[in-house]
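Everything numeric in this text was worked out from a predicted model, so none of it was measured. Numbered from 1 within each chain, the chains take letters A, B, ... in sequence-line order. These numbers come from the heavy atoms of this one structure, side chains and all, not from hydrogens, waters or symmetry mates.
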Protein chains: 2
Amino acid sequence: MVLSELDRGSVVPLYYQIRQHLLEQIRTGLLKPGQPIPSEQEISEQLSVSRMTARQAVKSLCDEGLVYSERGKGTFVSGIKQEKNVSQLLSFTQEMKAHGARVHSRILSLKAVSSDAGVSAALRLRPGEKVVRLKRVRLADSVPMGIETSYLPFERFANLLKTFNADTSLYQTLADQYGIHMHAADEAAEAGLVTAQDARLLGIRAGSPVFFFTRVSYLKSGRPIEFVRSIYRGDRFKIVNRLTHQSNLDSGWRRKYAQ
Amino acid sequence: MVLSELDRGSVVPLYYQIRQHLLEQIRTGLLKPGQPIPSEQEISEQLSVSRMTARQAVKSLCDEGLVYSERGKGTFVSGIKQEKNVSQLLSFTQEMKAHGARVHSRILSLKAVSSDAGVSAALRLRPGEKVVRLKRVRLADSVPMGIETSYLPFERFANLLKTFNADTSLYQTLADQYGIHMHAADEAAEAGLVTAQDARLLGIRAGSPVFFFTRVSYLKSGRPIEFVRSIYRGDRFKIVNRLTHQSNLDSGWRRKYAQ
DNA sequence: AAGTGGTCTAGACCACTCG
DNA sequence: GAGTGGTCTAGACCACTTG
């Protein structure tokens, strides 16, 4: 039997307990790719929860792509491994630490400047409106990986000029000092050649291949808070992406529609 | 009033009708970013559906990031625009057509070969096992954009050698001839410099910056079906990504946990 | 015919936010 | 205290798959 008991006094919702239990079975390989997980009926009966609760547990795993349901057949473990840190909003610090690297930064400059057209458009500011500009070299295990230039609205973040600390993550500072949490970001990457000046900062030869990134980060409300331009070494960096087929909401009635 | 009537005889589920109606209000700007959408209670009463059904409609929009819920306050329109074709599994053909370009390909070679280590690992084949290799130059509006080399297990796709047509999309062919639909893919991109030989095929100068991609595509079951290595022009290509904060399943009880 | 997931109902209690 | 979303129940009918 793959189902354990529930803690009905816990603050952790029942569906979440069930979900975590199934997750563990999958992670440990007790439930293998292609194998069916217990049906919603089974979960419901054996744990004495309503079917909707069992369903909610299964649905949450389904949404994350760990299992997939086939109408009339059952729900099966997907063989697609869960990549971590893929298409997730992570700071450079988080990302590098996840790879086990010691991270730090060197601040090249931190001051208030007028926004150029790109910055004011991205942050939805008036053209030329003041922004805080933070330019840093990012290092992993003391090796320069990239150069990041962040722009934030001066009006809201003027304090950063005094309080920002080179040893902390910008995201951490925004969370601690302003209670701000990024919800999403749009990132674009281009391939190009590094200039002589940037090459010196990165410790590579002029003309080496690099990534040029831009990123706009948003709050839940959709308000853009941070715009970043960065340059990362092509020899040290790789963009990894999990693409998914908008599995959406179909299975049943769409078929009828087509026929 | 923002809610319209439901078609209770339709094969389209009620929650989906509600969802689409709200979606339209958002898309047309009738519901603006930051504004609350009707509460689950309101939807439930005014459309005479159960609250769970109303909730399902709202939840689906929430999952896609179009709206966000705040406990005790309400559900609000997110100002984050829905990017299309971001982190979605699209073929080159789909992707380019979405940008309004006329697409075609030139086949450089199509034959059965032994898999090298990279290919056999990606497709989970025995080392050296035969694969179908399809090498194409991809053009948008007659401009060469990239060179793609696809590898598929020979055992299953030997027929492609005879039947594949330069004018169709590979994904389309897999769908039509084999009933195969990709469910997810892992893609990695590196920045590098193009070789003289590839430069000729792409119509650019040797040493120009390019993207090197690898991609493994999977079925729902997790079985890898296609491995692709490709080279795309750095001056014509941009990688666009929507990163999201794993909004997940929290809001309520996690807070208690922390306290 | 039996079992599965997809949808739906009509209630319920809770924690939370706001005025 | 009124309104909100988060969780949960105990049923129901349906379309679909498989034996």
Side-chain angles (χ1 to χ4, degrees), chain A residues 6-20 22 35-63 67-77 220 247-259, chain B residues 6-20 22 35-63 67-77 220 247-259:
Chain A
L6 298 175
D7 177 359
R8 297 192 99 98
S10 169
V11 293
V12 179
L14 295 179
Y15 83 90
Y16 199 85
Q17 293 183 42
I18 299 168
R19 172 208 140 87
Q20 291 301 80
L22 290 171
Q35 284 185 351
I37 69 172
S39 74
E40 295 170 359
Q41 187 72 249
E42 275 174 1
I43 297 173
S44 160
E45 285 171 3
Q46 294 183 15
L47 299 182
S48 301
V49 297
S50 80
R51 196 190 134 203
M52 287 299 273
T53 300
R55 184 171 172 72
Q56 193 176 1
V58 173
K59 179 70 162 37
S60 76
L61 294 173
C62 202
D63 287 345
V67 303
Y68 58 97
S69 296
E70 298 198 351
R71 158 111 80 162
K73 291 165 83 172
T75 301
F76 307 86
V77 179
K220 269 200 304 188
S247 68
N248 242 357
L249 329 112
D250 35 359
S251 25
W253 55 276
R254 269 192 204 286
R255 217 170 278 190
K256 279 203 240 165
Y257 238 31
Q259 283 164 1
Chain B
L6 299 176
D7 177 359
R8 298 193 98 96
S10 168
V11 293
V12 180
L14 296 178
Y15 83 89
Y16 199 85
Q17 292 182 44
I18 299 169
R19 172 207 141 87
Q20 290 303 81
L22 290 170
Q35 285 185 351
I37 69 172
S39 74
E40 296 170 359
Q41 187 72 252
E42 275 175 2
I43 297 174
S44 160
E45 285 172 2
Q46 294 183 15
L47 298 182
S48 300
V49 297
S50 80
R51 195 188 137 205
M52 288 298 275
T53 300
R55 184 170 171 73
Q56 193 176 0
V58 173
K59 178 73 162 39
S60 76
L61 293 173
C62 201
D63 288 345
V67 303
Y68 59 97
S69 295
E70 298 198 351
R71 159 110 77 160
K73 290 165 83 174
T75 301
F76 306 87
V77 179
K220 269 201 304 189
S247 68
N248 242 356
L249 327 115
D250 34 358
S251 25
W253 54 276
R254 270 192 204 285
R255 218 171 278 191
K256 278 203 242 167
Y257 237 29
Q259 282 167 1

May I have the distance from [X] (atom [atom1]) to [N] (atom [atom2]), rounded to whole angstrom?
X      : N      : atom1 : atom2 : result
A:Q46  : C:dG3  : CD    : P     : 14 Å
B:R51  : D:dG3  : CZ    : C1'   : 11 Å
B:F76  : D:dG5  : CZ    : P     : 8 Å
A:M52  : C:dT4  : CE    : P     : 18 Å
A:E40  : D:dG11 : CD    : C1'   : 15 Å
A:K220 : D:dG5  : NZ    : P     : 13 Å
B:Y68  : D:dG6  : OH    : C1'   : 18 Å

Would you say a side-chain N or O of [X] is under 4.0 Å from OP1 or OP2 of [N]?
X     : N      : value
B:S50 : C:dC8  : no
A:T53 : D:dT9  : yes
A:R71 : D:dT18 : no
B:R55 : D:dG6  : yes
B:S39 : D:dT4  : yes
B:K73 : D:dG3  : no
B:Q56 : C:dT7  : yes

May I ask you to test the B:R8-B:V49 pair for a side-chain heavy-atom distance under 4.5 Å? yes
Heavy atoms from C-beta onward define the side chain here; which of D:dT7, C:dC8, C:dG6 lies closest to that of A:S69?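 The answer is C:dG6.
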